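Single-structure report; data block below.
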2 protein chains.
Amino acid sequence: MTKTAPRRSRARPVQDPSQDTALPAGKATINDIARLTGVSKKTVSRVINDSPLVHPETREKILALMKQLGYTPDPQARGLAFRRSFLIGMIYDNPTAQYIVNMQYGALDALRDSGYELVVHPCDSTQEDYIDSVRRFALQQKLHGVILIPRVSEDEQLAAALREIGVRYVRIASIPLDAGPQMVVTQDRQAGTEAANYLESLGHRTLGLITGPRRYRSTIERGGGFVEGLNERGVELPADYTYEGGYTFESGVAGAEYLLAKSPRPTAIFACNDEMAAGVYKAAMRRGLSIPGDLSVVGYDDSPLASQLWPALTTIHLPIRDLGRQAAQMLLSDEPAPDEAATSAPRLVTPQLVVRDSSQRPKG
Amino acid sequence: MTKTAPRRSRARPVQDPSQDTALPAGKATINDIARLTGVSKKTVSRVINDSPLVHPETREKILALMKQLGYTPDPQARGLAFRRSFLIGMIYDNPTAQYIVNMQYGALDALRDSGYELVVHPCDSTQEDYIDSVRRFALQQKLHGVILIPRVSEDEQLAAALREIGVRYVRIASIPLDAGPQMVVTQDRQAGTEAANYLESLGHRTLGLITGPRRYRSTIERGGGFVEGLNERGVELPADYTYEGGYTFESGVAGAEYLLAKSPRPTAIFACNDEMAAGVYKAAMRRGLSIPGDLSVVGYDDSPLASQLWPALTTIHLPIRDLGRQAAQMLLSDEPAPDEAATSAPRLVTPQLVVRDSSQRPKG
DNA sequence: CTGAAAGCGCTTACAG
DNA sequence: CTGAAAGCGCTTACAG
């Protein structure tokens with residue numbers, strides 16, 4: 001070892017580092033930095049890891065050389081020594097394309113220049129072994145943490161499995177399912193109630209509801225909040241004016257066809273996402289019903305689709321990109337002390353009603 | 001070293017491996033496998049890397065123990081020794097959400113159980129330093145390879161930069177821009193011609209075209225193929241019946257508004273993606289024009305949107321998921337000899353016209 | 001067909 | 001504030 005070191009420095013002669021073009025960008029190692037600055041690699045390591053135990057001058061000298069050589073520590077080597085990687089996993093189960101992509105953009109916003117990268121991991125939560133497959137993924141990649149998106153974020157067994165193997169996670173969900181630092185809460189119930197208040201205040205008394213699948217927590221919250229909101233204002237939503245959709249366009253069509261055949265016909269429909277609301281448009285068009293003249297429609301998400309529909313859709317704004325950004329940020333931040341963590345409040349995101357052109361007072 | 005080994009095996013006593021629960025799943029190392037099977041770790045390494053230089057019985061014994069302990073080699077350690085990672089990068093510049101997500105699903109189809117993971121890397125090709133940022137990403141992560149999606153796949157400077165640093169890539173593009181093993185070719189010109197042939201055969205003589213941005217190769221190919229196809233059949237498309245859109249819904253609306261104000265008014269519009277075609281629907285609706293009665297519309301992509309529109313959109317089917325799958329597969333496969341590589345044919349994907357309800361003979 | 005030694009580029013644990 | 005030694009879990013280069 002004591003022999004090879006000098007030999008290497010002769011093989012790659014670097015007298016004046018400022019003149020040096022022999023080291024290709026991104027190929028310098030901690031040993032090069034240590035050798036050229038005349039310190040041990042441990043000291044360089046301290047600078048890499050922001051240790052306060054380095055003399056300011058030494059630190060400056062090292063940082064300057066790193067910058068000059070375009071040195072960045074090798075995440076694999078660092079990871080091997082740390083026994084974990086610099087990868088964040090995003091785990092999800094088939095929401096809409098817009099939802100996934102915006103969530104990814106948000107997470108990447110937070111990860112930019114952090115040295116962490118995003119590894120995507122869609123899965124099928126209806127499969128028996130999906131938890132095991134996520135566990136294997138997290139374990140093998142030694143993930144720094146994972147972001148869980150509905151509906152997998154609502155699965156307590158998944159969360160338990162991740163805790164058991166010591167993998168950090170942040171869950172994005174309708175309600176607080178975990179301690180503060182593990183949660184971004186979208187408060188869907190509140191949004192459902194807001195939709196109800198709005199439509200009731202316009203004068204609607206006969207309403208229809210198209211929910212997501214029963215196994216989604218958001219279905220309980222959005223739908224439940226809507227029904228509650230109506231009840232509080234003295235309007236009842238009969239059980240047969242609710243249709244269980246699948247958060248898909250086609251199920252929105254089917255739901256609207258079911259509801260619009262009712263007598264009395266609802267004058268307003270709340271669809272629990274924009275895709276289904278678009279389906280309601282199609283069904284209404286086919287029946288020759290005009291929106292909002294004959295039927296008011298309110299959606300949920302405020303995806304690009306909402307402003308593309310004609311008339312533009314009144315909907316609940318969900319800041320998806322922001323959710324992704326916050327979740328990733330929480331994974332990067334240092335863990336608070338366990339006792340604080342248990343009691344600290346989760347991040348609350350407040351959904352907002354966006355009134356556009358698909359809703360008005362009912363006729364007559 | 002020779003002292004620690006026996007001590008470790010006493011610290012974790014493993015008499016009969018089948019009874020052993022001391023080694024937590026996914027925590028065994030190459031040393032455990034070597035020790036418990038009584039071979040050197042080099043031999044275990046040979047099994048991991050499918051070397052033929054292992055006695056079949058030895059191999060079986062090792063494989064059996066690996067399976068039993070749930071052992072998988074640590075990708076970080078392997079990567080550090082190999083000087084590359086087991087990560088595939090997907091590089092793209094803001095296409096539609098459906099496009100991105102399907103491409104990701106496709107790539108993941110090919111990567112499943114391969115030991116490779118997908119790292120997503122959106123970027124902004126209008127930024128000066130984007131090539132440098134992709135280069136840093138590939139270098140720092142020591143990517144096994146990257147998948148380039150339009151429009152970044154069309155950037156020769158990016159491709160050159162990647163070649164220079166020795167990072168493998170597969171480009172998905174309209175035309176062959178590289179040697180066979182680096183290309184998945186979507187043959188957009190052919191598709192544009194097919195759209196032209198179809199509309200001309202219906203009897204349309206006055207047509208409109210809404211393209212993507214000029215800097216996209218697909219614009220040249222789809223638009224050019226369309227114009228060529230019409231010309232070959234004796235129909236001319238005047239320059240002012242072409243509108244340069246931006247592959248967005250809004251630009252589709254603007255393009256249709258421009259074209260539908262023309263006199264004579266086109267009886268058919270070819271929009272170079274489905275999003276813009278949806279914009280054409282909106283503009284037509286606003287003007288009280290019925291589709292396909294007053295206006296035939298043909299799109300491109302066959303995204304879910306196409307069958308959701310009403311009437312359902314006639315469009316060119318692009319098998320996006322399949323493109324992603326093929327590209328990833330090509331990155332995983334062994335490199336052919338350089339001389340073969342240069343001459344071998346690229347993967348050709350044949351776009352297919354899907355006739356739905358948005359097109360018919362012109363009136364009168 | 002098999003293995004001992006050295007190394008990939010970092011960090012931890014310890015000593016000063 | 002600084003460093004020498006050992007180690008993370010693998011592979012390469014060499015020897016047999």
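Each chain gets a letter, A, B and so on, in the order the sequences are listed, and its residues count up from 1. Heavy-atom basis, side chains included; hydrogens, waters and symmetry copies ignored. The model shown is predicted, which means the values in this text are computed figures rather than measured ones.
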Margin query: Using a heavy-atom cut-off of 4.0 Å across all strands, would you classify B:Pro75 as base, sugar-phosphate, or nothing?
Written below: nothing

Item checked: Within residues 54-61 of chain B, residues whose heavy atoms come under 4.0 Å of DNA chain C -> B:Val54, B:His55, B:Thr58

Margin query: For A:Gln182 and A:Arg171, which I'm curious about, is there any donor-acceptor pair between the side chains at under 3.5 Å?
Written below: no

Check: Can A:Arg135 be said to sit on top of A:Phe137's aromatic six-ring, NZ or CZ under 6.0 Å from centre and within 45° of the ring axis?
Finding: no

Note to self: Check this for me: A:Glu128, atom CD, are more than 12 non-hydrogen atoms of other residues, nucleotides or ligands nearer than 6.0 Å?
What the structure shows: no

Item checked: Gap between atom NZ of B:Lys42 and atom OG of B:Ser45 - 0.5 Å precision -> 4.0 Å

Item checked: Whole-Å gap separating C1' (D:dG3) and CD1 (A:Ile62) -> 12 Å

Margin query: By nearest atom, which of the nucleotides C:dG9, C:dT11, D:dT11 is closest to the B:Phe82 side chain?
Written below: D:dT11

Next item on the list: Verify whether one side chain among B:Arg163 and B:Tyr169 offers a donor that lies under 3.5 Å from an acceptor in the other.
Entry: yes

Item checked: From C:dG9, C:dT2, D:dA13, nucleotide with atom closest to A:Ile30 side chain -> C:dG9

Check: Taking the inter-plane angle between the rings of A:Tyr116 and A:His144 on a 0 to 90° scale, is it parallel (under 30°), tilted (30 to 60°) or perpendicular (over 60°)?
Finding: tilted

Checklist line | B:Gln76 CD - D:dT11 C1' separation (whole Å) | finding: 16 Å

Next item on the list: Report yes if a side-chain nitrogen or oxygen of A:Arg78 is closer than 4.0 Å to either non-bridging phosphate oxygen (OP1 or OP2) of C:dG9; otherwise report no.
Entry: no

Margin query: Looking at C:dT11, I'd like to know if its phosphate oxygens (OP1 or OP2) sit under 4.0 Å from a side-chain N or O belonging to A:Asn49.
Written below: yes

Next item on the list: Calculate the interatomic distance between A:Ile33 atom CD1 and C:dC10 atom P; express it in whole Å.
Entry: 9 Å

Next item on the list: Provide, to the nearest angstrom, the distance between the NZ atom belonging to A:Lys41 and the P atom belonging to D:dG7.
Entry: 14 Å

Note to self: D:dT11, OP1 or OP2 - any side-chain N/O from B:Ser45 closer than 4.0 Å?
What the structure shows: yes

Note to self: From NZ of B:Lys142 over to P of D:dC10, roughly how many Å is that when rounded to an integer?
What the structure shows: 16 Å

Notebook entry, point to check: Taking CG from B:Leu80 and C1' from D:dC10, how many angstroms apart are they, rounded to a whole number?
Noted result: 8 Å

Please tabulate, one pair per line, each protein N/O and nucleotide N/O from nucleotides 14-16 of chain D that are separated by under 3.5 Å, including the distance.
none

Item checked: From CD1 (B:Ile172) to CD1 (B:Ile149), nearest 0.5 Å -> 5.5 Å

Margin query: Whole angstroms only, please: what is the NZ-C1' distance between B:Lys27 and D:dG9?
Written below: 13 Å

Margin query: To the closest 0.5 Å, what do you measure between CD1 (A:Ile91) and CD1 (A:Ile147)?
Written below: 9.5 Å

Checklist line | Nearest-nucleotide pick for A:Tyr71, side chain only, options being D:dA4, C:dG3, C:dC10 | finding: C:dC10

Note to self: From CD of B:Gln141 over to C1' of C:dG9, roughly how many Å is that when rounded to an integer?
What the structure shows: 14 Å

Note to self: Looking at A:Ser40, I'd like to know whether one of its side-chain N or O atoms comes within less than 4.0 Å of OP1 or OP2 on D:dT2.
What the structure shows: no

Item checked: Any B:Ile88 side-chain heavy atom under 4.5 Å of B:Val146 side chain -> no

Note to self: What I want to check is whether the side chains of B:Asn49 and B:Ser51 have a donor and an acceptor closer together than 3.5 Å.
What the structure shows: no

Notebook entry, point to check: When you check the phosphate oxygens OP1 and OP2 of C:dG9, does a side-chain N or O of A:Thr29 lie under 4.0 Å from one of them?
Noted result: no

Next item on the list: Could you check which of D:dT11, C:dC8, C:dT11 has an atom nearest any side-chain atom of A:Ile48?
Entry: C:dT11

Next item on the list: Note every stem involving DNA chain C: at least three consecutive Watson-Crick or G-U wobble pairs, i with j then i+1 with j-1, with both distances under 3.5 Å.
Entry: C:1-3 with D:14-16, C:5-12 with D:5-12, C:14-16 with D:1-3

Check: Should the heavy atoms of other residues, nucleotides or ligands under 6.0 Å from CD of B:Gln157 be counted, would the total exceed 12?
Finding: no

Check: Do we see a donor-acceptor contact under 3.5 Å between the side chains of B:Gln104 and A:Gln104?
Finding: yes

Notebook entry, point to check: Looking only at side chains, do A:Asp155 and A:Tyr130 share a donor and an acceptor under 3.5 Å apart?
Noted result: yes

Note to self: Closest approach to the side chain of B:Ala81, judged atom by atom: which nucleotide of D:dC1, C:dG9, C:dC8 is it?
What the structure shows: C:dC8

